[in-house]
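Take a look at the structure below.
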Amino acid sequence: MSTQIFPVRLSAAQQDAAYFHSYNHVGIHEEMIKDRIRTEAYRDAIFAHQEAIKDKVVIDVGCGTGILSIFCAAAGARKVYAVDASDIAVQAREVVKANGFSDVITVIVGRVEEIQLEEKADVIISEWMGYMLLYETMLPSVVCARDRWLKPGGLMLPSFATLYMAPITNPDRYGESIDFWRNVYGFDMSAILPLAKQCAFEEPCVEVITAENVISFPILVKRIDCSTVTLEELETVTTTFSVPSIMRAHLHGFALWFNVSFGGDASSLPKSKAASNGTIPLVLSTAPEDPPTHWAQQTILYVYEPVELQQDNLISGTFTMSQCKENPRFLNVHIEYSCGDRHFVKESVMR
């Protein structure tokens, strides 16, 4: 899933229309398909679960150009319902035909909440993840498809999703955007600083950082079991945290990233460790220590005032993320955090 910007003051129907219209552009799908980490993870997961897919019925929610549906057909699915409310589905039909899968894959143009199918599904697959995992609010559509069409005990791909957060230091980024104004060709332009901070850091930033920027152990924000999660559970996500700084550094913000796993819960397992059933869940990760993806890796919530930390100083607080009332595809973010006797609040909207 890629990120788009939509008007806020529209009716719910207009917001949905704008959202789906944005996915008509082939460039968005090109970006996602060219993300080999993302696309190959889905391909490998499909063929790793070929026994569950072969001769079975699959629903691909938000099929786009149809690449995941084609993987499922190649893995031996008896029937694939490829559903997308965007007009890109018209091209998906031609792609399916050109690859000789028209007898297996039925492309349906429409909202998964409204379509009618002739049968229940054994598997539901979808690439629904957005920035901070839940941006764009596509997971509720997957949950709706699950509740309407998935057989009891059916397979969800991905099966689990986990959202993490950690405080970070990023002096280079802060220096480029903020400290620059302290000396501009020999002149003090620090009067610009408040506006510069607001313009640069008011909204979440989508950037690539590395493990060296992370100054604490990751905080588990939310673990999602795609087989059981409810719509109400997704409306607001909140967690409290208290983590020590693992180094002496300035706190410049908080980074969020996610992992999804296919066929098992890998939220508490190292990638090399098997689960209780002896298998190693296939994991698609956007963590700072992993190669970048088309999600541009992490979402950063920069703070306006850096805090100097010593090693083992505690960073404590509460993180809350909720669907925006004006447009539920947007996310409101609220962080209250303390470092020693200093207390701060950061509020932002992911548009």
Side-chain angles (χ1 to χ4, degrees), residues 1-3 32 35-49 61-62 68 124-140 142-143 146 155-168 204 206-229 233-234 237-239 241 243 254-277 279-301 319 321 331 333 350:
M1 179 181 289
S2 189
T3 295
M32 291 188 285
D35 180 353
R36 298 184 67 90
I37 295 171
R38 168 247 190 210
T39 306
E40 291 180 359
Y42 271 84
R43 180 200 62 191
D44 294 347
I46 288 166
F47 283 94
H49 293 87
V61 180
L68 302 187
I124 289 179
I125 189 166
S126 179
E127 198 273 80
W128 52 263
M129 301 83 71
Y131 299 142
M132 294 193 292
L133 186 62
L134 297 178
Y135 177 67
E136 290 188 359
T137 321
M138 186 176 166
L139 181 54
V142 178
V143 171
R146 179 201 71 196
L155 177 64
M156 297 288 293
L157 295 176
S159 310
F160 294 86
T162 311
L163 178 64
Y164 296 98
M165 181 178 74
I168 65 160
V206 179
E207 300 175 356
V208 175
I209 61 170
T210 67
E212 285 71 27
N213 295 107
V214 178
I215 59 175
S216 83
F217 293 107
I219 300 156
L220 175 62
V221 176
K222 180 67 176 177
R223 173 188 172 275
I224 294 173
D225 182 340
C226 296
S227 295
T228 60
V229 66
E233 190 180 340
L234 299 173
V237 171
T238 188
T239 190
F241 59 90
V243 289
F254 296 85
L256 291 111
W257 66 89
F258 64 85
N259 297 343
V260 296
S261 57
F262 299 85
D265 181 11
S267 61
S268 60
L269 294 174
K271 293 179 185 178
S272 60
K273 186 177 179 181
S276 58
N277 62 2
T279 63
I280 300 175
L282 192 154
V283 177
L284 170 59
S285 172
T286 64
E289 66 268 21
D290 291 310
T293 63
H294 83 280
W295 287 277
Q297 211 65 5
Q298 293 80 37
T299 303
I300 314 296
L301 305 170
F319 170 86
M321 181 171 65
L331 292 174
V333 181
M350 188 80 181

Main-chain N/O of Met32 paired with Thr39 side-chain donor or acceptor, under 3.5 Å: yes

Residue pair Ile224 / Leu234, side-chain heavy-atom distance below 4.5 Å: yes

Side-chain heavy-atom pair Phe160, Ser227 within 4.5 angstrom cut-off: no

Closest heavy-atom pair and its distance - Val243, Phe217: CG1-O, 4.1 Å

Contact summary for Gly263 and Leu157, nearest pair of heavy atoms: N-CD2, 4.2 Å

Heavy-atom side-chain proximity of Pro288 to Gln298 below 4.5 angstrom: yes

Gap between atom CG of Leu256 and atom CE of Met132 - 0.5 Å precision: 6.5 Å

Candidate pair Trp128 and Val61, rule side-chain contact (heavy atoms from CB on, under 4.5 Å), full reasoning: CA-CA 8 Å; Trp128 52 263; Val61 180; over 6 Å; no

Distance (rounded to the nearest 0.5 Å) between Ile209 CD1 and Thr299 OG1: 10.0 Å

Straight-line distance of Cys226 SG to Leu139 CG, nearest 0.5 Å: 6.0 Å

Shortest non-hydrogen contact between Ala45 and Leu282, atoms and distance: N-CD1, 3.7 Å

Note, Met350 side chain near Val206 side chain (heavy atom, < 4.5 Å): yes

Donor-acceptor contact present, side-chain Tyr164 to main-chain Ala255, <3.5 Å: no

Nearest non-hydrogen partners of Tyr131 and His294, listed with the distance: OH-O, 4.3 Å

4.5 Å side-chain heavy-atom contact, Lys222 and Leu133: no

Gap separating the CD atom of Glu207 from the CG atom of Asn213, nearest 0.5 angstrom: 9.5 Å

Check against side-chain contact (heavy atoms from CB on, under 4.5 Å), Phe319 and Leu301: CA-CA 11 Å; Phe319 170 86; Leu301 305 170; 4.0 Å; yes

Rounded distance (nearest 0.5 Å) linking atom CD1 of Ile168 with atom CD of Glu212: 12.5 Å

Main-chain N/O of Ile124 paired with Arg146 side-chain donor or acceptor, under 3.5 Å: no

Sole residue of Thr162, Asp265, Asn259 in side-chain hydrogen bond (donor to acceptor under 3.5 Å, both in side chains) with Arg223: Asp265

Min side-chain heavy-atom separation Asp35-Trp295 under 4.5 Å: yes

Minimum heavy-atom distance Phe262-Pro158, with the two atoms named: CD2-CA, 3.6 Å

side-chain contact (heavy atoms from CB on, under 4.5 Å) assessment of Thr286 paired with Met129: CA-CA 11 Å; Thr286 64; Met129 301 83 71; over 6 Å; no

Check: Ile46 and Arg43 side chains under 4.5 Å, non-hydrogen atoms: no

Side-chain heavy-atom pair Val221, Val237 within 4.5 angstrom cut-off: yes

Over all atoms of both residues, closest heavy-atom pair of Leu163 and Trp257: CD1-O, 3.3 Å

